[in-house]
K.L.:
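I'd like to ask you about the structure that follows.
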Amino acid sequence: MAIRNQSLGEFIIENQSEFQYSSGELSRLINSIRLAAKVVNHEVNKAGLVDILGAAGDTNIQGEDQQKLDVYANEIFIKTLTNREIVCGIASEEEDDFISIKGRNEKNDNKYVVLMDPLDGSSNIDVNVSVGTIFSIYRRVTPSGTPVTIDDFLQPGNLQVAAGYIVYGTSTMIVYSTGHGVNGFTLNPAIGTYYLSHPNMKFPEKGSIYSVNEGNYVHFPLGIKNYIKYCQEEEEDRPYTSRYIGSLVSDFHRNLIKGGIYIYPNTSKDPNGKLRLLYECNPIAYIAKQAGGRSSNGFINILDIKPTELHQRVPFICGNKSMVDKAEEFMQNA
Ligand code: P6P
């Protein structure tokens, strides 16, 4: 894939006109996420050195004082978004309640709210497996200038104005959409600039990877058990390949590029599934739809679900449209 040497900054300026209603605030919002991602990336990459640096008597004794990286990432994104006076509210997996943000004029007159999982899959850091940040952006629904309320956050996923993720992997990438397709930008750490490396990302027509934690098989609903068996049958286009990293952003990113389906179903242990609707499933579902794929809870489109709680969980099936359709068929006929 030819890499145009267009930087993320140039891309945002070039596509500014596509941001509906935006007078540049959405661009500034994406820019602030870009900056925060660079700071978090630097810390994530150092994670493996914490013990060594601590043993070498580094200035700050990181062993004891080292913040958990997901707490650190949460603070960096909140601080960056707050300082730029772009959003009027933030919800995060790391915060029990949403945060209301006033501008310097002591008013909540910014128009966007951000919901995020600042460092998804952070338990994988200890084993050097890639992790990610997931973000979801809405226009507020309550009057400008008033404090945000829970209603600004409990919006269905199909009302998102933008969403995306950062994957801190063998290279660091930002993949996002503002409703006009999906574009991926790879960070050149030597100069701290992201370059458009994956323009107009789309799921391949057919997918052959299924990603699910089969260790939970006995707890899965019958429909999912039947779908997994279907994936394993010896047919003209199967068996599929099973790939499961245990990091949603990495599993989704690979499936988006190579074609596949990610499944985290409800189980007898987790009757609503494990993944969070507002800041994991909805943003990933938004990207999937923009890339020609789709998402479901097994019965309805994830993006159509009206949220009732900030941290609610949903069963999540996401990937190639044909694969999600087939998984839904098994769920609905079980
Ligand atoms: P399990 C990480 O904790 C996460 O939220 C997702 O990133 C990942 O896909 C899933 O949970 C892994 O969960 O139960 O398979 O270890």
Side-chain angles (χ1 to χ4, degrees), residues 37 40-41 44 47 68-74 77 91-95 115-136 157 163-170 172-175 207 209-221 224-225 227-228 231 241-258 260-288 293 295-298 302 309-320 323-324 327:
V40 170
N41 175 62
V44 164
K68 277 171 58 74
L69 272 174
D70 38 16
V71 172
Y72 173 79
N74 185 54
F77 278 96
S92 168
E93 179 170 58
E94 297 295 329
E95 303 286 335
L115 300 94
M116 66 178 178
D117 184 353
L119 205 60
D120 179 68
S122 52
S123 58
N124 285 313
I125 285 182
D126 299 343
V127 293
N128 208 9
V129 166
S130 59
V131 293
T133 296
I134 311 171
F135 61 90
S136 169
Y165 58 85
I166 296 105
V167 52
Y168 308 99
T170 46
T172 294
M173 281 189 71
I174 290 189
V175 176
I209 296 171
Y210 69 100
S211 307
V212 64
N213 182 345
E214 295 188 57
N216 297 325
Y217 181 85
V218 295
H219 304 291
F220 286 164
I224 295 298
K225 289 181 177 176
Y227 179 67
I228 292 172
C231 292
T241 297
S242 172
R243 286 282 184 278
Y244 190 71
I245 298 173
S247 192
L248 167 61
V249 169
S250 303
D251 278 316
F252 175 79
H253 186 71
R254 179 208 50 244
N255 292 350
L256 170 56
I257 292 172
K258 292 186 176 288
I261 187 171
Y262 172 95
I263 304 174
Y264 207 104
N266 54 304
T267 65
S268 40
K269 294 184 295 181
D270 297 311
N272 294 313
K274 174 182 182 183
L275 299 187
R276 312 286 190 172
L277 172 60
L278 287 181
Y279 40 77
E280 289 176 332
C281 301
N282 270 340
I284 294 295
Y286 181 87
I287 294 289
S295 304
S296 171
N297 66 357
I302 288 287
E309 290 165 34
L310 208 49
H311 300 287
Q312 79 182 77
R313 302 173 194 267
V314 291
F316 192 49
I317 303 170
C318 177
N320 277 72
M323 297 180 87
V324 175

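Indexing begins at 1, ligand by ligand and atom by atom, following the structure's order.
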K.L.:
Could you tell me if Asn74 and Ser92 have a donor-acceptor pair between their side chains, going purely by distance under 3.5 Å?
P.N.:
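Yes, side-chain donor-acceptor contact under 3.5 Å.
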K.L.:
Could you identify the single nearest non-hydrogen protein atom to atom 12 (C) of ligand 1 and state the distance to 0.1 Å?
P.N.:
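Ranking protein heavy atoms by distance from atom 12 (C) of ligand 1, first comes Tyr244 OH, 3.2 Å.
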K.L.:
Verify, without hydrogens or angle tests, whether His311 (side chain) and Glu95 (backbone) share a donor-acceptor contact under 3.5 angstrom.
P.N.:
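Yes, because the side chain of His311 sits within donor-acceptor range (under 3.5 Å) of the backbone of Glu95.
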K.L.:
Could you check atom 2 (C) of ligand 1 against the protein and tell me its nearest heavy-atom contact, residue, atom and distance included?
P.N.:
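Going atom by atom, the protein heavy atom closest to atom 2 (C) of ligand 1 ends up being Gly121 CA, 3.7 Å.
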K.L.:
Would you mind checking which non-hydrogen protein atom is closest to atom 9 (O) of ligand 1, with the distance to 0.1 Å?
P.N.:
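For atom 9 (O) of ligand 1, the nearest protein heavy atom is Tyr262 OH, 2.7 Å.
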K.L.:
So is Asp251 polar-close to ligand 1, meaning N/O to N/O under 3.5 Å?
P.N.:
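There is no such contact.
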K.L.:
Would you check whether Ser123 has a nitrogen or oxygen atom less than 3.5 angstrom from a nitrogen or oxygen atom of ligand 1?
P.N.:
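N/O-N/O distance under 3.5 Å: no.
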K.L.:
Considering only the protein, which heavy-atom contact is closest to atom 7 (O) of ligand 1, and what is its distance?
P.N.:
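It is Asp120 OD2, 2.5 Å.
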K.L.:
Looking at atom 14 (O) of ligand 1, what's its closest protein heavy atom, distance included?
P.N.:
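The answer is Tyr264 OH, 2.6 Å.
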K.L.:
Can you list the ligand 1 atoms lying under 4.0 Å from a non-hydrogen atom of Leu275?
P.N.:
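Checking each atom against Leu275, I get 5 (O).
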K.L.:
If we only count N/O pairs under 3.5 Å, is Leu248 in contact with ligand 1?
P.N.:
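Yes, since at least one N or O of Leu248 sits under 3.5 Å from an N or O of ligand 1.
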K.L.:
Any side-chain to backbone donor/acceptor pair from Asn124 onto Gly246? Under 3.5 Å, distance only.
P.N.:
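At least one qualifying donor-acceptor pair exists.
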K.L.:
For ligand 1, which atoms have a heavy atom of Asn213 less than 4.0 angstrom away?
P.N.:
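What qualifies from ligand 1 is 1 (P), 14 (O), 15 (O).
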K.L.:
Between Met323 and Ile261, which heavy-atom pair has the shortest distance, and what is it?
P.N.:
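In this case the closest contact between Met323 and Ile261 is O-CD1, 3.5 Å.
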K.L.:
Tyr262 vs Tyr244 aromatic rings, parallel, tilted or perpendicular, using cut-offs 30° and 60°?
P.N.:
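It falls in the parallel class, under 30°.
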K.L.:
Is it the case that atom CZ in Arg313 sees more than 12 heavy atoms from other parts of the structure closer than 6.0 Å?
P.N.:
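It does: Arg313 CZ has more than 12 such atoms within range.
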K.L.:
Where is the nearest protein heavy atom to atom 3 (O) of ligand 1: which residue, which atom, and how far?
P.N.:
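For this ligand atom, the closest protein heavy atom is Lys274 NZ, 3.4 Å.
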K.L.:
Using modelled atom types only, decide if a donor and an acceptor are shared between the side chain of Ser247 and the backbone of Ser130 within a distance under 3.5 Å.
P.N.:
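Yes: the side chain of Ser247 pairs with the backbone of Ser130.
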K.L.:
Taking it one step at a time, do Val249 and Val175 satisfy side-chain contact (heavy atoms from CB on, under 4.5 Å)?
P.N.:
CA-CA 10 Å; Val249 169; Val175 176; over 6 Å; no
